[in-house]
Amino acid sequence: MDEQALLGLNPNADADFRQRALAYFEQLKISQDAWQVCAEALAQSIYRYSELTEVQQQLIRETLITWLQAQMLNPQPEKTFIRNKAAQVFALLFVTEYLTKWPKFFFDILSVVDLNPRGVDMYLRILMAVDAELVDRDVVHTSEEARRNTLLKDTMREQCIPSLVESWYQILQNYQYNNSELTCQCLEVVGAYVSWIDLSLIANERFINMLLGHMSVEVLREEACDCLFEIVNKGMDPIDKTKLVESLCQVLQSAGLFSIDQEDDVDFLARFSKLVNGMGQALIASWTKLIKNGDMKSAQDTLQAIEAKVSLMLQLLIHEDDDISSNIIGFCYDYLHILKQLSALSDQQKANVEAIMLAVMKKLTYDEEYNFENEGEDEAMFVEYRKQLKLLLDRLAQVSPELLLASVRRVFNTTLQNWQTTRFMEVEVAIRLLYMLAEALPVSHGAHFSGDVTKATALQDMMRTLVTSGVSAYQHTSVTLEFFETVVRYEKFFAVEPQHIPTVLMAFLDHRGLRHTSPKVRSRTAYLFSRFVKSLNKQMNPFIEDVLNRIQDLLELSPPENGYQALLSSDDQLFIYETAGVLIVNSEYSAERKQALMRNLLTPLMEKFKVLLEKLMMAQDEDRQMALADCLNHAVGFASRTSKAFSNKQTVKQCGCSEVYLDCLQTFLPALSCPLQKEVLRSGVRTFLHRMIICLEEEVLPFIPSASEHMLKDCEAKDLQEFIPLINQITAKFKTQVSPFLQQMFMPLLHAIFEVLLLPAEENDQSAALEKQMLRRSYFAFLQTVTGSGMSEVIANQGAENVERVLFTVIQGAVDYPDPIAQKTCFIILSKLVELWGGKDGPVGFADFVYKHIVPACFLAPLKQTFDLADAQTVLVCITVFFSFTLIAMWQTEGKKNNGHIVLMVDLSYKENTLFFLNGVLIWLLLTCCGTVFCSSPMLKIKLENCRFENLTLICITCELTLSESEQTGCSSLGCSGFSCDR
């Protein structure tokens, strides 16, 4: 860029420079290379403020002030976004220069703007930008920036805040009647700054009276509310806070603001509700502090002040606008917390509790406009609002559980007596209240129908009414879903009154549940039905065959060519298959009958699987291939899901179902050899194998070699990533039983992994980098499983060259990759190998490998720039490194002397925490295994030799003296200072 031309941008520049600047930028606009010039300037950050000369910095200050002066003279104001950007520039310059070169920053601006409307506008924008730089909690600041901001605020408090506050008062006084926009801006500034300036500057008679006057001006009252909220929210002495809040309330009440009209402006009421909430919570915080301080008289006065606000709180809580109601919930919740702490409630307090309870019940009700079929943002907000109300209900239960139970019972019974003629939202909320009682009145393991007779009787009566009233037939999805949710929540009721089970089962199985017209209801019911059946266990015995017959059509695998929409999605069918499996396994039938039922369940899947696999092999169209592969995957998934009913091989054998699942294995495994849609098919079969390892145990082993061979062909990173956990499961479960298999497939698996890891990838391809990182973790997890299962011979028998390659990959993972999870795994592997191979029977040369590579790795990993001890995972790596040292030390000193030594050269100049780490490790290691340390500056040279503990010496190479001697001579080398006695 033409630097001389840039000088022409200064408003005070002479005509030649200005003309040169204009000509330069006109030329730049039409140039095809203009973008390149600008991009280069941006990329290289040519113009950094700190690099400018004093003259240039002064020029920038003068330019900004001149620009500010020009704003008041221009016939048209700048666009809003320009003014905001200018304010940000002023704020950044303030942060940089206020403490050093521009202490009169605000005074200079005030002298320019005076009370000119456009100047005041910029002044207020600058103040907000400064506050954002100093206080905004959404911006993450470094510790250095936080210290700087604190110093800036302290300096402002000393030098200019009183003057700024006076300017705000003058602005409010001058513009409150003729410029509402500037007045609102100023109120926003006051609200922002009041949190960190002296409150007495604002919370005084002249300011408060003005703010309260704004509360009666329609265009100002919302900002005035927010400003008063910030004042009330400011931390202060509890007695003073009570007096402040009470004085505000008296004025607001006398102005008629405590009488809430449903027709009032909802935007203002939302802000007013937030203000009342702040005042209420401020009083409660004061009461809490006073109780803690033992000032009971003041605490009682504050409690009376709180009680006086409850009526207003209830008006806002019950308001039809949910935003207004939501803003007051915090005050309501904290008020109930106070009542919970009182030894006894007065009649008025009991009435308040009941009023809050009725308000919550009313506000839980859905609006007419709620869209159940297409829930959007408004619906999501109401769901969140309901969660807030639930917290209130839980707190009500803590204050007065008997009152809550009685109130819910009254509403519930009244509503369900006439549910046919009652609006859906009232029916839904009545059932919802019963549902919410389960958490509001907690018991151990859901035992709501034992213990307290009154509570158990009330809940039992309501549940009986729910299942016998016929309300499950109500023609609205919200009522239907709430019915099923409540039935499942109180499943223990059916242990007390099992005669109602058939009624509920029919509701699940007919048009009210799994065959409902709404897909949403069918989907949720499938899950709830599975939970219901599993919870009843043996009580389902009389209904098993009937249920299995009724769900038969829901179990059908829907091939893509059917062309009709199935009642349930494949995900929903998973729950139905699991339910069928649970019914069969938990039944009291003989093993032969269970086997027959399970075969009837799975045979249709196997038959369709064979047909669909043949169709896939012949399919040409890719979309059809994908549809067929998905269908095949669903079939395997359904079969896999039925096995969830079994906990282990013993239960499978007891049911006589081993043969059925072995048949499934033989049916599904040929899919692995299909060249089409391999990823989908392999995923399904892998999942099935995982389940069969649990259910069939060693019976599955004959199928593993062939399956593994197919899954290692033409595999990608994700395939290997998902295959390795299967091998890990087999290795950990069967250990030496699978040693021959592991030895055979060990190197083919590793070759497949290395091949994928070595594939080139684009530098910015984050997805490929993440896939490789996850595969690398899986590889190290596999080696950890092998070594941790006591099967190191699997590695040892791969030949010296392969063993060396594997060991070096582990060293590389421990040191070179900035992945703490992988590093920790690698050090665990190395520690285990030292433990297993450190004796006489270890592989030839392993002792040298320990000294030449494992021990240096323990030092080199913490020396890496990426080794961040502030990260929790890295700390775990550090602990694992210490553990590795322990094993090496134990191995070295066990049984015989070893004449080996270790020499390690490391650069300490760039890592401030390295000396601390190394000194701690080295001295601890030397005390454990004995030896001699030689250290040099600026490099650290370590030599460990076997000797007895009493012969341990620390020698500084720089002064060639022992530690004690070098201390006497005052040697200041890195070695001596590093190993000084205070370490």
Side-chain angles (χ1 to χ4, degrees), residues 435 438-439 442-451 456 459-460 463-464 466-468 472 483-510 513-514 524-552 554-555 572-602 638-658 660-661 691 694-695:
Y435 177 89
E439 289 184 11
V443 292
S444 178
H445 304 293
H448 291 285
F449 304 98
S450 58
L459 289 173
Q460 197 168 327
M463 277 302 296
R464 189 184 307 113
L466 179 69
V467 297
T468 59
S472 58
F483 170 82
F484 287 120
E485 295 280 1
T486 307
V487 161
V488 174
R489 171 58 64 93
Y490 290 104
E491 26 90 10
K492 293 283 193 300
F493 165 75
F494 298 96
V496 181
E497 298 190 21
Q499 67 270 23
H500 301 297
I501 293 175
T503 305
V504 175
L505 282 176
M506 284 306 300
F508 270 113
L509 294 168
D510 63 19
L514 294 171
R524 183 63 181 169
T525 304
Y527 163 71
L528 293 172
F529 180 55
S530 177
R531 278 186 54 190
F532 185 70
V533 169
K534 282 192 280 188
S535 67
L536 293 181
N537 203 349
K538 297 298 182 184
Q539 290 167 313
M540 284 296 298
N541 271 301
F543 319 107
I544 289 174
E545 298 241 12
D546 187 30
V547 171
L548 289 174
N549 288 331
R550 290 177 182 273
I551 63 173
Q552 196 64 43
L554 302 175
L555 297 168
D572 299 331
Q573 281 183 290
L574 287 171
F575 292 114
I576 304 302
Y577 269 94
E578 183 179 354
T579 304
V582 168
L583 285 170
I584 294 168
V585 173
N586 291 345
S587 70
E588 295 177 349
Y589 296 142
S590 65
E592 292 79 9
R593 182 63 180 148
K594 288 181 180 180
Q595 183 189 40
L597 289 171
M598 191 63 78
R599 189 170 290 282
N600 289 341
L601 180 64
L602 297 177
F638 296 157
S640 180
R641 198 58 171 261
T642 61
S643 69
K644 289 269 188 180
F646 303 105
S647 54
N648 51 42
K649 182 183 177 181
Q650 186 178 0
T651 54
V652 179
K653 278 194 170 182
Q654 287 172 351
C655 295
C657 294
S658 300
V660 182
Y661 284 106
R691 286 298 309 160
I694 296 170
C695 295

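Positions are given from 1 along the sequence. This is a predicted model, so every value here is computed, not measured.
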Practice item. For the pair Asn537 (side chain) and Met540 (backbone), establish whether a donor and an acceptor sit closer than 3.5 Å, ignoring hydrogens and angles. Key: no
Exercise for review: List the steps, then state whether side chain to side chain contact (heavy atoms under 4.5 Å, CB included) holds for Phe646 with Ile694.
Suggested key: CA-CA 9 Å; Phe646 303 105; Ile694 296 170; over 6 Å; no
How long is the straight-line distance from [atom2] of [Y] back to [atom1] of [X], given to the nearest 0.5 Å?
X: Glu545; Y: Leu583; atom1: CD; atom2: CG; value: 10.5 Å
X: Leu528; Y: Phe508; atom1: CG; atom2: CZ; value: 5.5 Å
X: Leu536; Y: Lys492; atom1: CG; atom2: NZ; value: 10.0 Å
X: Asn541; Y: Ser587; atom1: CG; atom2: OG; value: 6.0 Å
X: Arg531; Y: Glu491; atom1: CZ; atom2: CD; value: 7.5 Å
X: Gln460; Y: Glu497; atom1: CD; atom2: CD; value: 4.5 Å

Point to revise | Intermediate values then yes/no, side chain to side chain contact (heavy atoms under 4.5 Å, CB included), Thr468 and Thr503 | key: CA-CA 8 Å; Thr468 59; Thr503 305; over 6 Å; no
Check your understanding: When the aromatic ring centroids of Tyr435 and Tyr490 are compared, is their separation below 6.0 Å?
Key -> no
List the atom of [X], the atom of [Y], and the distance in Å for their closest heavy-atom pair.
X: Ile576; Y: Ala526; value: CD1-CB, 4.1 Å
X: Ala495; Y: Gln539; value: CA-NE2, 3.1 Å
X: Phe484; Y: Ala507; value: CZ-O, 3.3 Å
X: Gly656; Y: Ala591; value: N-CB, 4.4 Å
X: Ala580; Y: Ile551; value: CB-CD1, 4.2 Å
X: Val467; Y: Phe483; value: CA-CE1, 4.3 Å

Note, [X] side chain near [Y] side chain (heavy atom, < 4.5 Å):
X: Asp572; Y: Tyr527; value: no
X: Arg550; Y: Leu514; value: no
X: Thr486; Y: Met463; value: yes
X: Thr651; Y: Val585; value: no
X: Phe532; Y: Leu505; value: yes
X: Met598; Y: Arg593; value: no

**Study point:** Row check, Phe575 ring normal vs Arg641 NZ/CZ: under 6.0 Å, within 45°
**Key:** yes
Is atom [atom1] of [X] surrounded by more than 12 heavy atoms (other residues, nucleotides or ligands) closer than 6.0 Å?
X: Lys594; atom1: NZ; value: yes
X: Lys649; atom1: NZ; value: yes
X: Gln654; atom1: CD; value: yes

Exercise for review: Apply side chain to side chain contact (heavy atoms under 4.5 Å, CB included) to the pair Ser535 and Phe494, showing each step before the final yes or no.
Suggested key: CA-CA 10 Å; Ser535 67; Phe494 298 96; over 6 Å; no
Practice item. Tell me, with the steps shown, if His500 and Phe493 meet side chain to side chain contact (heavy atoms under 4.5 Å, CB included). Key: CA-CA 9 Å; His500 301 297; Phe493 165 75; 3.6 Å; yes
Exercise for review: Answer with yes or no whether the side chains of Thr642 and Tyr661 bring together a donor and an acceptor at under 3.5 Å.
Suggested key: yes
Review point. Under 3.5 Å, is there a donor-acceptor pair between the Arg691 and Ser640 side chains?
Key: no
Review point. Between Lys538 and Glu588, is there a salt bridge with N-O shorter than 4.0 Å?
Key: no
Review point. Is it true that Glu439 and Arg489 have a side-chain N and a carboxylate O under 4.0 angstrom from each other?
Key: yes
